[in-house]
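Working notes, structure below.
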Amino acid sequence: MPVPPYAELHCHSHFSFLDGASSAEDLVARALELGLSALAVTDHGGLYGAVRFVAAAEAVGLRPIVGLEVELLDAAVADPHRLVVARPRAPPRGAGWGEAAPGARGGRPGPPHADRLRRPSHP
């Protein structure tokens with residue numbers, strides 16, 4: 001019975017810091033040794049090695065699959081890595097005890113203060 005073609009779909013190159021150690025050329029060479037028909041490189045957060053990987057794979061007849069591994073944060077779920085940092089509120093300069101409320105300007109309320117800092121990609 002013939003062996004069906006196999007493609008590894010979760011492979012990281014050395015562009016995935018602390019998760020992959022091999023260059024695109026080394027990954028392609030090892031895939032050929034193992035008899036793979038295709039290989040996917042799914043680096044973390046970027047397509048930095050995609051051009052080198054596709055060029056190396058096509059040069060030897062291996063089908064390249066380019067992917068990307070990303071982490072998404074859900075606003076309704078607590079951040080497990082504590083990427084959102086609490087920011088202490090400070091009174092405005094010149095405001096002492098009993099004076100205008102923090103952020104008030106000339107009797108009008110000031111802009112709202114965020115309770116915590118968020119990354120630009122996080123709503």
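Atoms considered below: every heavy atom in the structure, side chains included; atoms not considered: hydrogens, waters and symmetry mates. It should be emphasised that the depicted structure is a prediction, and the values quoted were computed from it without experimental measurement.
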Measure across Ala56 and Val28 and return the closest heavy-atom pair with its distance rounded to 0.1 Å.
O-CG1, 3.8 Å
Scanning both residues in full, the closest heavy-atom pair of Pro64 with Ala57 reads CB-CB, 3.8 Å
Are Val60 and Leu27 connected, step by step, through hydrophobic side chains (Ile, Leu, Val, Met, Phe, Trp, Tyr) whose heavy atoms are closer than 4.5 Å?
yes
Side-chain heavy atoms nearer than 4.5 Å, only ILVMFWY residues, links allowed to pass through others: does that put Leu68 and Leu9 together?
no
Ala38: which residues meet the side-chain contact (heavy atoms from CB on, under 4.5 Å) condition with it, sequence neighbours left out?
Ala7, Arg63, Ile65
Listed by chain and number, what are the salt bridge (Lys or Arg N to Asp or Glu O under 4.0 Å) partners of Glu69, not counting sequence neighbours?
none
Just jot down the side chain to side chain donor-acceptor pair (under 3.5 Å) partners of Asp26, sequence neighbours excluded, or say none.
Ser23
Residues 36-58 vs salt bridge (charged side-chain N to carboxylate O under 4.0 Å, His left out), sequence neighbours excluded, gives Glu25-Arg52
Would you please name every residue forming a side-chain contact (heavy atoms from CB on, under 4.5 Å) with Ser37, sequence neighbours left out?
Pro5
Check for a donor-acceptor pair, side chain of His14 on one end and backbone N or O of Gly20 on the other, with a separation under 3.5 Å.
no
Ring pair (Phe, Tyr, Trp, His ring centres under 6.0 Å) pairs touching residues 46-77, sequence neighbours excluded, are none
For His44, the ring pair (Phe, Tyr, Trp, His ring centres under 6.0 Å) test, sequence neighbours excluded, returns His12
Could you name each residue pair satisfying ring pair (Phe, Tyr, Trp, His ring centres under 6.0 Å) that touches residues 15-34, not counting sequence neighbours?
none
Mind jotting down which residue pairs meet the salt bridge (charged side-chain N to carboxylate O under 4.0 Å, His left out) criterion with at least one end in residues 32-42? Sequence neighbours excluded, please.
Arg30-Glu33
In chain order, what residues pass the side-chain contact (heavy atoms from CB on, under 4.5 Å) check against Val51, with sequence neighbours excluded?
none
Minimum-distance pair of heavy atoms, taken over all atoms of Ala31 and Leu39
CB-CD2, 4.1 Å
